[in-house]
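The shown structure was predicted, so the numbers you read here are calculated from the model rather than taken from an experiment. First listed ligand is number 1; within each ligand, the first listed atom is number 1.
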Amino acid sequence: MQTSWLPFIPESASTVSGKVDALYFYLSGVTLFFSLLIGGVITFFVIKYRRRLPNEIPRPIAGSHKLEILWSVIPFIIAMSMFAWGAQIYFQNSRPPKNANEVYVVGKQWMWKIQHSTGQREINELHVPIGRKIKLIMTSEDTIHDFFIPAFRIKADVLPGKYTMQWFEATKPGTYHLFCAEYCGMNHSGMIGSIIVMQPTEFDSWLSGNVNQQSPAVAGQQLFQSLGCVSCHGANGEGGRGPTLAGLFGGKVFLNNNQTLTADESYIRESIENPAAKVVNGFNPIMPTFQGQVTPEQLIQIISYIKSLQISNPQSTTPAAPAAKAAPASQTGATPAPNKQ
Ligand code: CUA
């Protein structure tokens, strides 16, 4: 594990870590400056204006508008600068770029199960290349966990029944800590792992050395068949009792209550587990619930399959382009690839 130039600060190894550190130093600097200033002024006044005679009465002091405005406006500007700076980094961190490679993360007591969109699975380890944007799509099988990579300065809760995202772009090869940062039971402190950052060529050969695993989209396609989804949601509109799913992901959905939403992971999951919650305009709420019949990992596979059904979308979200060289040429287009196992 590399050390950084300050012993109490973890290695800075992502595109945002320097920005987070700069803001943090600014906050610490402002805090330190005003603590010293106020402490110093208090000490100085305590000595200078101490009572020298037992019956001494100080002269009355009238207020000063000039001073009051000054010490209201200056702190206001400082506080707003922290807000604006922090919000800017927050927005950047909370909007994953569209062309990011997707990695699925499932937390459970007490381990991290990770799967690349090209199928490779890992446990408590995540291999990533430098210089590529990685988007983590995370969920939990049991309680709340939190996926924390200090060297990248990113951290997000991982929740049961919901998907959360975070993204990063690593800048330095090395092995970095992965922590669970939410108390999740007895072995919470052991829910740790490693992020292994490699050169892109090294990563590609690592990836191609692990190809004999089924991609989530292909597994999802099999579930789609075996659970009978296909009889209502035919990929090409056959069935007719349910809306077609081709091109659904990322597009607009019109509901029968006149609302419109964008189809994302959470919407698809809700529609599988609680189909009556949001019914597409023109269809009847006849779909049975699949709650309890599909595990969080299987849900990810089905969602991954639905994502792969994009119609001529240049930014197809399944196996991202940079990895395709080393990965099997699976499901990059509109038609799902055959089983690679
Ligand atoms: Cu998982 Cu703490």
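Atom 1 (Cu) of ligand 1 has His145 ND1, Cys180 SG, Cys184 SG, Met191 SD as its protein N, O or S neighbours under 2.8 Å.
Taking the six-membered ring where tryptophan is involved, the planes of His127 and Trp206 are essentially parallel, since the angle between them stays under 30° and well short of 60°. The aromatic rings of Phe203 and His116 sit tilted relative to each other, their planes meeting at an angle between 30° and 60°.
When only modelled atom types and interatomic distance are considered, Thr139 and Lys162 share no side-chain donor-acceptor pair under 3.5 Å. A donor atom on one side chain and an acceptor atom on the other are found under 3.5 Å apart for Gln120 and Thr118.
No more than 12 heavy atoms of other residues, nucleotides or ligands sit less than 6.0 Å from atom CZ of Arg59.
Contact of the Glu265 side chain with the Met165 side chain is registered, since non-hydrogen atoms from C-beta on lie closer than 4.5 Å.
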